Amino acid sequence: GQQLNQSPQSMFIQEGEDVSMNCTSSSIFNTWLWYKQEPGEGPVLLIALYKAGELTSNGRLTAQFGITRKDSFLNISASIPSDVGIYFCAGSWSKAGGTSYGKLTFGQGTILTVHP
Amino acid sequence: ETGVTQTPRHLVMGMTNKKSLKCEQHLGHNAMYWYKQSAKKPLELMFVYSLEERVENNSVPSRFSPECPNSSHLFLHLHTLQPEDSALYLCASRGTGGLGEQFFGPGTRLTVL
């Protein structure tokens, strides 16, 4: 089956630093998603990417859909303490008229800790 | 109430109990999902419902029984669980026009004693 490798597994950074994490897949996707999960809560969608090469920003967050369709990265600039959480990538392969039901394959998550 | 809600938020049960988890989505979506999230493991897809019909069951033990009475509600009935079933159970929903985005509820933290 499809597998996603997300790295790094964890990061400990100082407030104000930039953060970069990425996901690679053994097969191609046509949608890449990035979620953030805080303790005791469900994942919250941060950024959705639909096209190879696409670069999308959401405030201090920037994500890119790799040109090979097998990878994606997420950058966080000027980190702040509330960026703490687990960040998940997820990929989906959906065809028009297909029956994939939008199934997502998730990475293992990157645990981000920000020291004030 | 907006988005996806789940009740209860926390549940402790014995191995012989029967309980149910409830999910409700207020987004007008027509696909709903149950996931299991265990420590240090990726989210595991358990069940998929599309238009109230179960379309996927990922080899989940029969002690987990889903039910989708309408497009807004999803239940997970639990019976004779094992301690290794302790986890965060997440519900998600998605609309047909979407390209994969799923929206998650806050989850139910389940502990099986």
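In what follows, chains are A, B, ... by sequence order, proteins preceding strands, each numbered from 1. Since this is a predicted model, take the numbers as computed values, not measurements.
Contact annotation for Q9(A): neither backbone nor side-chain heavy atoms come within less than 4.5 Å of a heavy atom of chain B. Heavy atoms closer than 4.5 Å to chain A are found in the side chain of Q37(B), but not in its backbone.
In this pair, F103(B) and H29(B) present their aromatic rings tilted. The plane angle is within the 30 to 60° band. Between Y35(B) and F104(B), the two ring planes are tilted [angle within 30° to 60°].
Here L43(B) is the residue among L88(B), L43(B), V4(B) with the most heavy-atom pairs under 4.5 Å with chain A. With chain A as partner, the option from E44(B), R9(B), K41(B), H10(B) having the largest number of non-hydrogen pairs under 4.5 angstrom is R9(B). Annotation: maximal heavy-atom pairing with chain A below 4.5 Å, among P106(B), P42(B), A92(B), occurs at P106(B).
Between the side chains of T62(A) and S57(A), at least one donor N or O lies within less than 3.5 Å of an accepting N or O.
The one candidate from N22(A), L49(A), I47(A) that meets the side-chain contact (heavy atoms from CB on, under 4.5 Å) condition with L74(A) is I47(A).
Applying the salt bridge (Lys or Arg N to Asp or Glu O under 4.0 Å) rule to E67(B) yields no partners; only residues at least two apart in sequence or on another chain are considered.
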